[in-house]
2 protein chains.
Amino acid sequence: MEGNKELVGVKEIARRANVSIGTVDRVLHNRTGVSKKTKDKILAIIEELAYQPNILARRLASKKQIVFAVIIPSVSDETDYWQEPLLGIEQAAGEIAPYGIILKKYFYDLNHKTSFVQQIDQIDLSDIQAVLIAPIFIEESENFLIKLDKRKIPYVFINSDIQGHNSLSYFGPELYQSGYLSAHLMKYVIKEDDTILIVNISHEIDNHHHLLRKEQGFRSYFKEKDLKNTILKIDIVQTDYQFVATSLQTVFKENNVSAIFVTNSRVSAVAKYLNQTNARKMLIGFDYTKENLQFLKQGSIDFLICQKPREQGYKGIMALYQFVVHAKTGEKNNFMPIDIITAQNCDFYIN
Amino acid sequence: MEGNKELVGVKEIARRANVSIGTVDRVLHNRTGVSKKTKDKILAIIEELAYQPNILARRLASKKQIVFAVIIPSVSDETDYWQEPLLGIEQAAGEIAPYGIILKKYFYDLNHKTSFVQQIDQIDLSDIQAVLIAPIFIEESENFLIKLDKRKIPYVFINSDIQGHNSLSYFGPELYQSGYLSAHLMKYVIKEDDTILIVNISHEIDNHHHLLRKEQGFRSYFKEKDLKNTILKIDIVQTDYQFVATSLQTVFKENNVSAIFVTNSRVSAVAKYLNQTNARKMLIGFDYTKENLQFLKQGSIDFLICQKPREQGYKGIMALYQFVVHAKTGEKNNFMPIDIITAQNCDFYIN
DNA sequence: TGTTAATTCGTGTACGTTAACGCATGTATT
DNA sequence: AATACATGCGTTAACGTACACGAATTAACA
């Protein structure tokens, strides 16, 4: 139960196989210079003893650092969303730094594919042991993944997933369900014949499928429950407040909207508009950003849906660490919880 | 920015101080056998170089294990709540096991102080480096903490806090606010003159202040918002279903209750009763247990409030690890997020 | 002054692994 | 037959720290 004291090491393996520890070491790292026969014998003994290398000794003896590449969007004034994953990444980095692991970070611009490609090209794969990547640009990412696969460099995705690749794991949201949940929360408040407005605010075309997926979830709820509310939708392709305000004004002039679902963190712009025009409507949006929080507390936003951006970064790095250092693999798909933030629990939220 | 290569070790310190590494080692562990003069000199150099011992080498060279004592309630049939913290604890244990840390667990019975004392007495403090404890029984815990303080053994609290002690940190809920939040959620649904019922189900007297704190938060919300709803309350001191059902029946006969707030995980019993009597009322309770989850999905429970029991255990152990091994301290008070679980997001919840 | 006992310190080995170095063999090339 | 070169392996010095052992120095006392 508690005492598996007799931890064997290379010495014991060597003794049993009648070879030197050098040879054992060679097969452990499958380097060349061992005959098939002895290699098999040693492998068998390793198997039999269920040998676990002592990682302390290993890292101590090996002077080379382990390097993880981190490829994520930069935090723009456009959105400070990516600050959070970065914080998580840096926390993890701090925790594993004592074990000789360092990070190399590559930031790309969410609005420009070219910047992504540029960063990718800058990476020297020959001195990188693992990769954490937010694969926003699908095609370009896939080209990169193929290179990684060739070199057998493990990688994990955060924030968005690409199917059909050998990623170690994915840490991020399940978008559909978050839209579905939003609809449910909305239903608590609206009446039978209320009109609902879905608002997409984004000029980042490549992110659009993100928003769409949430919208699908949202609409599905109404369909499944057979609710008859009118659901309007507006795409706002400029993110500055003036443009948003004007767009909303147009809609509101022609329709009597009583609840709004904003599909991303831009909900604060809508809240601001409602505030200024003194219109009180139910409002649901995404992400625990500074501006959103302000409107949440002040009452303009009813609910924020949030999916632990920081944790995505933290866990992503940790998954790489567990794999590279301890050869442990965890779950492949790690959907973040879909958190509901209100003015009452927001102070305790861990982003 | 990135390269603080020149990591100094005892060797360098010894060289600068014109002593041997043995002497340096002695002052590092402040053992005896070093003259004050050389000791001061070495200390000064350590300071100057901001020497950080290499923990890998340290743990490798030191054959002794580090032992953490874990003192928490056992999972009873009464409640399987404590299974979750335990899971978190065991996950953390798995992660730090490679670094020579082992756990000794002491389970006590929530219903019996004596069992707590009994477990405490069983612990041999001389071979324990740190303690994780759920200090449910305050007075008895305090006696124990004094002993720990004397031996300078660090400890962290989970689940409930005791003020005025040298605990490294606390990981657990802020109860008042979770009651407050529940009230807010309820307000979305109830009408002005609806009657509300608060239900306490517990025969564990010592846990009672937990429940009370939530009730206070709940009531405060109604007071602050100046809501005029009638709030009834019932204490149910037996936890078996029959007793709960009978108690509820009595209340419902005399009052027209339209929403119920159950102050702990026993909410499933209430849900079951509502189900059987075909009564539909808004229902809010606590904790992501198997039974609760079932009623949540099926629609009898509207919201579950949950505070990451697993994470409490995980983070508690990790805090001890960071302190004992890396001499790092984190925040003292770590209130868990107050999570809102509905049928729509429950599948993604991480307990 | 010599003897003894503290006190203060240096040396050596160990922890389990890595990896450079080098020594035997065996096989192919002139 | 002499030379070259590859293959298969053992030896050994690190990595940074812990700690036992014993040597040197000093203090104490006769």
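Heavy atoms only: backbone and side chains are in, while hydrogens, waters and symmetry mates are out. Predicted model only: the values in this text are computed from it and were never measured.
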*Partners meeting salt bridge (Lys or Arg N to Asp or Glu O under 4.0 Å) with A:Lys105 (sequence neighbours left out)*: A:Glu90
*Taking five pairs at each end, how big is the angle between the two axes of the helix from C:dT1-D:dA30 to C:dT29-D:dA2, to 10°?*
60°
_Strand-adjacent residues in residues 25-39 of chain B, judged by heavy atoms under 4.0 Å from DNA chain D_ = B:Asp25, B:His29, B:Arg31
*Which part of the nucleic acid, if any, lies within reach of A:Gly9 when heavy atoms closer than 4.0 Å are counted: base, sugar-phosphate only, or nothing?*
sugar-phosphate
*Would you find a donor on one side and an acceptor on the other, under 3.5 Å apart, between the side chain of A:Lys308 and the backbone of A:Ile350?*
yes
*side-chain hydrogen bond (donor to acceptor under 3.5 Å, both in side chains) between A:Tyr170 and A:Asn159, worked out*: CA-CA 8 Å; A:Tyr170 164 65; A:Asn159 196 257; over 6 Å; no
*Rounded to whole angstroms, how far apart are CD1 on B:Ile42 and P on C:dT8?*
13 Å
_What verdict does the ring-ring contact (aromatic ring centres under 6.0 Å, His included) test give for B:Phe157 and B:Tyr155, after you've listed the backbone C-alpha separation in whole Å, the side-chain angles of each residue and the deciding distance to 0.1 Å?_
CA-CA 7 Å; B:Phe157 296 141; B:Tyr155 49 90; 5.7 Å; yes
*On DNA chain D, which is the earliest and which the latest nucleotide, 5' to 3', with an atom closer than 4.0 Å to a heavy atom of chain A?*
D:dG8 to D:dG16
*Quick one: ring pair (Phe, Tyr, Trp, His ring centres under 6.0 Å) pairs with a partner in residues 82-104 of chain A, sequence neighbours left out?*
A:Tyr99-B:Tyr99, A:Tyr99-B:His326
*Quick one, which residues of residues 46-61 of chain B touch DNA chain C with a heavy atom under 4.0 Å?*
B:Leu60, B:Ala61
*Any side-chain heavy-atom pair from B:Leu125 and B:Lys150 closer than 4.5 angstrom?*
no
Give every donor-acceptor pair under 3.5 Å between a side-chain atom in residues 32-39 of chain A and any protein atom, sequence neighbours left out.
| residue | atom | partner | partner atom | Å |
| --- | --- | --- | --- | --- |
| A:Ser35 | OG | A:Thr38 | N | 3.4 |
| A:Ser35 | OG | A:Thr38 | OG1 | 2.9 |
| A:Lys36 | NZ | A:Asp40 | OD2 | 2.8 |
| A:Thr38 | OG1 | A:Ser35 | O | 3.1 |

*asked:* Please enumerate all residues that pass salt bridge (Lys or Arg N to Asp or Glu O under 4.0 Å) together with A:Asp161, with sequence neighbours excluded.
replied: none
_Please check this pair: side chain of A:Ser169 against backbone of A:Lys332, looking for a donor-acceptor N/O pair closer than 3.5 Å._
no
*Return each pair, listed once, that meets side chain to side chain donor-acceptor pair (under 3.5 Å) where at least one residue sits in residues 50-63 of chain B; pairs must be two or more places apart or across chains.*
none
*What is the distance from CD1 of B:Ile21 to P of C:dG10, rounded to the nearest Å?*
10 Å
Please report, to 0.1 Å, the donor-acceptor pairs under 3.5 Å made by any side chain of residues 130-142 of chain B, with sequence neighbours excluded.
| residue | atom | partner | partner atom | Å |
| --- | --- | --- | --- | --- |
| B:Ser141 | OG | B:Phe137 | O | 2.5 |
| B:Glu142 | OE2 | B:His165 | NE2 | 3.1 |

*In whole angstroms, how far is the P atom of C:dG16 from the NZ atom of A:Lys63?*
18 Å
_Partners meeting ring pair (Phe, Tyr, Trp, His ring centres under 6.0 Å) with A:Phe68 (sequence neighbours left out)_ = none
*How would you list, by chain and number, every residue that makes a salt bridge (Lys or Arg N to Asp or Glu O under 4.0 Å) with B:Arg31, sequence neighbours excluded?*
B:Asp25
